[in-house]
Amino acid sequence: MIELYSIRDVARILAVQESRLRYWMQVGFVGPTVRKGGRFYYTFCDVVAVKAAKDLLAADIPVQKVRKNVEALRKMLPDDTHPTTKLRVCSDGDTIVAIADDVAFQPIGGQVVMAFAVHALGDHVADVLAMPRASIDDAAPKPIDGEATEANGGTTAYRHFVEACAAEDRGDSETAEHLFRLAIDLEPNMAAALTNLGNLVYRHGELDESRRLYERALELDPAQPEARYNLANLLDDLGETELAIAELRRVCAAAPDFADAHYNLGVMLAHVGGSALAKRHLERYLELDGASDWAGTARAFLEHIAA
């Protein structure tokens with residue numbers, strides 16, 4: 001018997017958009033491990049893993065490094081939730097550590113590295129879930145026997161998706177495209193696979209198919225910023241700059257920390273004469289990613305606008 005939390009619960013507990021949680025679940029990054037009645041639920045250990053992933057990504061740790069450490073952490077967490085209520089994951093930008101009972105250790109390997117006091121994530125979960133709820137649909141599920149989710153249980157479509165991502169990471173785009181298409185054939189509503197396939201065919205110059213894939217992904221998951229951002233870039237390549245600007249505005253509104261969206265929107269606005277708005281988005285880009293390779297170009301645009 002385990003206590004379960006809905007996607008809405010976790011979004012409220014950790015201040016993460018529900019669309020972002022669903023995207024992480026689809027791509028196999030981190031997500032719920034229980035499925036019941038066609039719905040997905042998080043265990044307390046799953047909540048800890050999502051919290052760890054969120055904090056590490058906020059610290060600009062590479063996604064692959066975060067993924068490996070979160071996977072190692074989940075293997076170390078016992079089924080009993082009580083030992084995890086004082087667990088936290090953090091990083092100094094290089095080393096990733098998990099902290100439990102005032103002892104810090106590396107999730108991969110378990111080596112103890114330091115000791116200092118931390119707050120209890122479990123207390124925060126309890127406080128948030130104790131808040132008044134708007135409707136019965138928001139209520140935390142009753143404890144039930146768990147069963148593996150389709151996403152984390154290893155369905156064929158999901159396996160194809162993961163293998164496609166791995167192939168893309170190692171530069172084998174032909175294999176990646178084949179596996180993404182297999183995943184979509186088996187699960188036509190896998191928005192993340194549609195987006196990733198769209199990226200591949202876009203790079204190959206197949207703009208019409210890429211546009212169709214992005215638009216289909218957004219039909220399934222309208223809040224997915226990656227698909228909308230890439231669609232905007234494609235529209236700009238096609239000369240449909242006004243539409244591209246409209247899409248990037250939506251990305252920046254829904255995902256205000258999406259640095260590249262602010263950069264591209266600022267550049268496009270500068271080209272069409274929207275100097276004041278271009279300045280705002282380029283300045284926001286520099287706030288978010290001032291040390292990037294494109295920061296110099298952003299500053300040059302700002303100097304041009306000021307002149």
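The residues R216 and E209 are annotated as not salt-bridged, no charged nitrogen and carboxylate oxygen being separated by less than 4.0 angstrom. Between E226 and R20 a salt bridge is recorded (basic side-chain N to carboxylate O distance below 4.0 Å). Comment: R211 engages E215 in a salt bridge, judged by a side-chain N to carboxylate O separation of less than 4.0 angstrom. Here R284 pairs with D257 in a salt bridge; the nearest charged N to carboxylate O distance falls below 4.0 Å. Salt-bridge formation is not detected for the pair E283/R299: no Lys NZ or Arg NE/NH1/NH2 atom is positioned less than 4.0 Å from an Asp or Glu carboxylate oxygen.
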List the steps and the verdict of side-chain contact (heavy atoms from CB on, under 4.5 Å) for Y42 and S6.
CA-CA 6 Å; Y42 294 76; S6 69; over 6 Å; no
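At a threshold of 4.5 Å between non-hydrogen side-chain atoms, the residues L235 and E247 count as touching. Using a 4.5 Å cut-off on side-chain heavy atoms (C-beta onward), H204 and S173 make contact. Considering only heavy atoms from C-beta on, I7 stays 4.5 Å or farther from Y41 through its side chain. Between L194 and F180 the shortest side-chain heavy-atom distance does not fall below 4.5 Å.
The shortest heavy-atom contact between Q224 and A192 is NE2-N, 4.2 Å. Closest approach of A261 and V251 over heavy atoms only: CB-CG1, 3.6 Å.
When each of D237, L197, L231, V201 is paired with S210, the side chain to side chain contact (heavy atoms under 4.5 Å, CB included) condition holds for V201 and for no other.
Between H271 and F301, the distance separating the two ring centers is shorter than 6.0 angstrom. Remark: aromatic rings of F258 and Y229 are close, center separation under 6.0 Å.
Hydrophobic clustering keeps M268 apart from L243 (ILVMFWY residues linked when any side-chain heavy atoms are closer than 4.5 Å, directly or through intermediates). Both L238 and L218 are assigned to one and the same hydrophobic cluster, defined by single-linkage of ILVMFWY side chains at heavy-atom distances under 4.5 Å.
Side-chain atoms of D46 come within 3.5 Å of backbone N or O of T33 as a donor-acceptor pair.
Atom-to-atom distance recorded for L282:CG and H262:NE2 is 10.5 Å, nearest 0.5 angstrom. E240 contributes atom CD, which lies 10.0 Å from atom CG of D236 (distance to the nearest 0.5 angstrom).
Between Y263 and W294, the ring planes are tilted. Angles from 30° to 60° get that label.
Using a 3.5 Å distance cut-off with no hydrogens or angles, the side chains of Y202 and N233 do not pair a donor with an acceptor.
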